[in-house]
Amino acid sequence: MVKPIYVLNGPNLNLLGTREPDIYGRDTLDDIQAALIKRAGDVSIEFRQTNSEGQLVDWVQEASAKGGALILNAGAYTHTSIALHDALRACVIPVIEVHLSNPAAREAFRQTNYVAPAAKASIAGFGARGYQFALDAALDMTG
């Protein structure tokens with residue numbers, strides 16, 4: 001049996017479509033989820049969003065135990081969470097970091113990244129399509 005691909009989203013991503021659409025685009029998180037489910041075919045997608053750091057850490061640990069791969073948009077926790085970094089370092093499945101915008105081209109405080117050193121790959125700056133690229137990579141890694 002093929003294990004599900006976890007797609008975990010951090011703080012404020014529930015506001016996609018309305019929050020700074022010039023930076024993050026007009027697609028909602030529901031739009032992104034629907035596109036991934038369609039693209040995944042027979043592979044199940046475990047798609048979640050939380051504004052809570054502890055919840056996100058718990059889900060990373062769950063993904064490591066039950067999933068085939070993890071796609072993570074940690075949002076602002078990318079730049080602040082050592083707890084998330086530690087959970088990702090303990091993760092035994094491939095982790096693909098995704099960002100809608102390109103944090104490296106933005107504010108100075110976004111230059112710190114605690115996710116990338118624990119990820120197999122990073123995809124940034126492609127908007128909602130970045131999730132599809134990450135899914136394609138996850139399917140390749142688990143298939």
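None of the values given here were measured: they were computed from a predicted structure. All values below were derived from every heavy atom in this structure, side-chain atoms included, with hydrogens, water molecules and symmetry-related copies excluded.
- Residues satisfying the salt bridge (Lys or Arg N to Asp or Glu O under 4.0 Å) test with Asp136, not counting sequence neighbours, are Arg39.
- No donor-acceptor pair under 3.5 Å is formed between the side chain of Asp58 and the backbone N or O of Gln55.
- Of all heavy-atom pairs spanning Ala74 and Thr78, the tightest one is CB-OG1, 3.4 Å.
- The nearest pair of heavy atoms linking Asn51 to Gly10 is OD1-O, 4.3 Å.
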Kindly indicate, with the supporting measurements, whether the criterion side-chain contact (heavy atoms from CB on, under 4.5 Å) is fulfilled by Val2 and Asp42. CA-CA 9 Å; Val2 177; Asp42 293 336; over 6 Å; no
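- When all heavy atoms of Leu135 and Ile5 are compared, the closest pair comes out as CD1-CD1, 3.8 Å.
- Follow the hydrophobic side-chain contacts under 4.5 Å out from Val115 and you never reach Val98; the two are in separate clusters.
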Pair Leu13, Ile32 - check side-chain contact (heavy atoms from CB on, under 4.5 Å), show working. CA-CA 11 Å; Leu13 290 164; Ile32 293 168; over 6 Å; no
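- Using modelled atom types, one finds a donor on one side chain and an acceptor on the other under 3.5 Å when comparing Tyr131 with Asn9.
- Around the CZ atom of Phe133, the shell of radius 6.0 Å holds more than 12 heavy atoms that belong to other residues, nucleotides or ligands.
- Interatomic distance, Leu29 CG to Asn73 CG, rounded to the nearest 0.5 Å: 8.5 Å.
- Residues Met141 and Ile123 share a single hydrophobic cluster, defined by chaining ILVMFWY side chains whose heavy atoms lie under 4.5 Å apart.
- To the nearest 0.5 Å, atoms CZ (Arg26) and CG (Leu16) are separated by 12.0 Å.
- Here the shortest heavy-atom pairing between Ile96 and Ala134 reads CD1-O, 3.4 Å.
- Shortest non-hydrogen contact noted between Ala63 and Leu70 is CB-CD1, 4.4 Å.
- Across all non-hydrogen atoms, the minimal contact from Asn12 to Gln49 is N-NE2, 4.0 Å.
- Counted within 6.0 Å of CZ on Arg48, heavy atoms from surrounding residues, nucleotides or ligands total more than 12; the atom is thus considered enclosed.
- Distance check: Leu8 CG to Phe47 CZ gives 9.5 Å after rounding to the nearest 0.5 Å.
- The hydrophobic clustering, which links ILVMFWY residues whose side-chain heavy atoms are closer than 4.5 Å, places Leu139 and Ile37 together.
- Rounding to the nearest 0.5 Å places CD of Gln132 at 10.5 Å from CD1 of Ile71.
- Residues Trp59 and Glu46 are not in side-chain contact: their nearest non-hydrogen atoms beyond the backbone lie 4.5 Å or more apart.
- To the nearest 0.5 Å, the span separating CG on Asn113 from NE2 on His79 amounts to 7.0 Å.
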Distance-only donor-acceptor hits, side chain of residues 82-94, under 3.5 Å, sequence neighbours excluded:
from  : atom 1 : to     : atom 2 : distance (Å)
His85 : ND1    : Tyr114 : O      : 2.8

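- For the pair Val7/Leu36, a side-chain contact is recorded, criterion being any heavy-atom separation below 4.5 Å from C-beta on.
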